[in-house]
Amino acid sequence: MRWLWIAVFGFGAVSAAPPSIRPQPPVCEPVPGSERTWNTRVFRIESEIQVAPDRLQRLAQVADTTAQAVRDHPLPFYAPPENDRPVLRIYGTVESYAAAGAMAETAGCYLWKRREVALNAVHLFQKIPGSRLGPLTDEDLVVHEIVHLCMHGSQGRMPQWFSEGACEYFAAAHRGAGRFQFTDIEREIRLLLKKRLAPDGGATELLAIREVAGLGSRDWSTKMLRLQPEDRYRGYATGLLLFHYHLHGERFDDLKIALKRQPPAPPESFEELPNEAPQLERGLVEFWKGHGLGVRFTVP
């Protein structure tokens, strides 16, 4: 009878996301007359520090393929800023990163007013203890922030859980180096959440839906900063499961209509989330249990 429960709860209709996206060869061309500035197929990369050519090429490949993944999705997410080239800017110090308007303790963010992805080099390039290899790029971070940029014109009136959930959805589907796999997205989400929230096994703790359902961007940031650093991702994980629920269920069509409005506006069902929260949490716990992920919703 499990198939019946899934249908009643709202899962079963699957969005027509492309099964996989393979990156094209990277394009990263120096801008004449500019130091540490490059053009990719879609973006302009500016850096305060020297970046190794191979790392720069891979960053360009991840960035361009992320834009393709958002653009090719059946939901009309893709609405980047209407300037010549959206900017990815690598800040070399915590001080310059914070001076640009980013929160100093974050690894990256989308600065909406500046219309740029700000990347904190202190966290972007991570040295693996005991490894002789050079620092590795946090590609999931890059994917997350570029999705924000690509949704510039479609996320403004949406609740913040929707924007953050979308970014984590694409990050979960990212296999590295710009390769995306959407065929078994439940598996990818399970692996991501276990890695981030339950590496030693046990239940994955998420923020209760009513804690995040109605938050705008400013209130979201305030709430996340009030949590302990190790607990902040729990809010993003709640957004991810809510986004997945709306994308792969009976609410897909309503969401598509809402995003096609000018300007895009939330569907009416979003207003009911706080009231639906207890039932929805029970349903999500049961659904993800069937996909190998123990979930528990908690109040901080």
Side-chain angles (χ1 to χ4, degrees), residues 2 5-6 8-12 14-15 17 105-108 123 126 138-145 147-148 159-176 180-215 219-221 223-249 251 270 273-274 276-300:
R2 185 170 176 273
W5 174 83
I6 291 176
V8 171
F9 182 60
F11 287 97
V14 180
S15 66
E105 62 269 37
T106 62
H123 299 288
Q126 302 173 336
D138 187 346
E139 294 181 356
D140 287 349
L141 164 69
V142 174
V143 170
H144 181 108
E145 301 306 337
V147 174
H148 273 308
Q160 196 64 18
W161 68 258
F162 176 83
S163 298
E164 302 299 346
C167 294
E168 285 302 299
Y169 182 89
F170 282 94
H174 182 242
R175 293 283 188 87
F180 287 83
Q181 180 61 257
F182 295 94
T183 304
D184 190 1
I185 191 62
E186 287 80 18
R187 174 183 180 274
E188 308 302 336
I189 290 174
R190 181 183 74 242
L191 293 176
L192 175 66
L193 295 189
K194 282 189 172 182
K195 173 184 175 183
R196 296 294 299 267
L197 295 175
D200 299 325
T204 302
E205 291 195 0
L206 283 64
L207 287 190
I209 290 175
R210 67 177 182 272
E211 293 290 312
V212 302
L215 298 180
D219 290 338
W220 175 280
S221 296
K223 188 170 192 65
M224 293 303 112
L225 287 174
R226 287 175 178 169
L227 298 176
Q228 294 297 318
E230 63 271 17
D231 290 334
R232 290 171 188 165
Y233 188 74
R234 292 163 53 202
Y236 294 83
T238 302
L240 171 57
L241 295 197
L242 283 174
F243 182 84
H244 172 270
Y245 166 67
H246 284 82
L247 200 63
H248 292 265
R251 296 186 175 180
F270 281 11
L273 282 178
E276 295 177 348
Q279 176 185 359
L280 185 52
E281 288 176 354
R282 289 193 296 271
L284 289 172
V285 167
E286 188 65 22
F287 176 84
W288 285 101
K289 181 180 178 181
H291 286 78
L293 180 67
V295 172
R296 182 167 61 241
F297 291 91
T298 63
V299 177

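Using bins of under 30°, 30° to 60° and over 60° for the plane-to-plane angle, the ring pair Phe162/Phe270 lands in the tilted bin. The aromatic rings of His248 and Tyr169 sit tilted, their planes meeting at an angle between 30° and 60°.
When every heavy atom of Gly292 is checked against every heavy atom of Lys194, the shortest pair comes out as O-NZ, 3.1 Å. Contact detail for Leu207 and Pro300: the closest heavy-atom pair is CD2-CD, 3.8 Å. Here the closest heavy-atom approach between residue Arg210 and residue Ala277 is recorded as N-CB, 4.3 Å. Smallest separation of non-hydrogen atoms from Leu215 and Glu211: CD1-O, 3.4 Å. For the residue pair Asp140 and Ala171, the shortest heavy atom distance occurs at OD1-O, 3.8 Å. The two atoms that bring Arg234 and Leu197 nearest to each other are CG-CD2, 4.0 Å, heavy atoms only.
Between atom CG of residue Leu293 and atom CZ of residue Arg187 there is a gap of 13.5 Å, rounded to the nearest 0.5 Å. Considering CZ of Arg196 and CD of Glu168, their distance stands at 6.5 Å, rounded to 0.5 Å. Separating the OG1 atom in Thr204 from the CZ atom in Arg190 is a distance of 10.5 Å, to the nearest 0.5 Å. If you take CG on Asp231 and CZ on Arg226, they are separated by 15.0 Å, rounding to the nearest 0.5 Å. The distance from the OG1 atom of Thr238 to the CZ atom of Phe243 is 15.0 Å, given to the nearest 0.5 Å.
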| Evaluation steps, side chain to side chain contact (heavy atoms under 4.5 Å, CB included), between Leu241 and Ile189 | CA-CA 9 Å; Leu241 295 197; Ile189 290 174; 3.9 Å; yes
| field | Step-by-step ring pair (Phe, Tyr, Trp, His ring centres under 6.0 Å) determination, Tyr236 to Trp220 | value | CA-CA 10 Å; Tyr236 294 83; Trp220 175 280; 5.4 Å; yes
| request: Determine, step by step, whether Glu164 and Lys223 satisfy the salt bridge (Lys or Arg N to Asp or Glu O under 4.0 Å) criterion, reporting the C-alpha distance in whole Å, the side-chain angles of both residues, the deciding distance to 0.1 Å, and the verdict. | output: CA-CA 14 Å; Glu164 302 299 346; Lys223 188 170 192 65; over 6 Å; no
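For the pair Trp161/Leu273, a side-chain contact is recorded, criterion being any heavy-atom separation below 4.5 Å from C-beta on. With a 4.5 Å cut-off on side-chain heavy atoms, Glu186 and Phe287 count as touching. Two residues are said to be in side-chain contact when any heavy atoms from C-beta on lie closer than 4.5 Å; Ile209 and Leu284 meet this criterion. Annotation: side chain of Glu188 is not in contact with side chain of Phe180 (no heavy-atom distance under 4.5 Å). With contacts defined as side-chain heavy-atom distances shorter than 4.5 Å, the pair Leu191/Lys195 does not qualify.
Surrounding CZ of Arg232 are more than 12 heavy atoms belonging to other residues, nucleotides or ligands, all under 6.0 Å away.
Proximity of a side-chain donor or acceptor of Gln181 to a complementary backbone N or O of Thr183 within less than 3.5 Å is detected. With His246 contributing its side chain and Leu242 its backbone, the two residues share a donor-acceptor pair below 3.5 Å.
Residues Glu276 and Arg251 are paired through a salt bridge, judged by an N-O separation under 4.0 Å between the basic side chain and the carboxylate.
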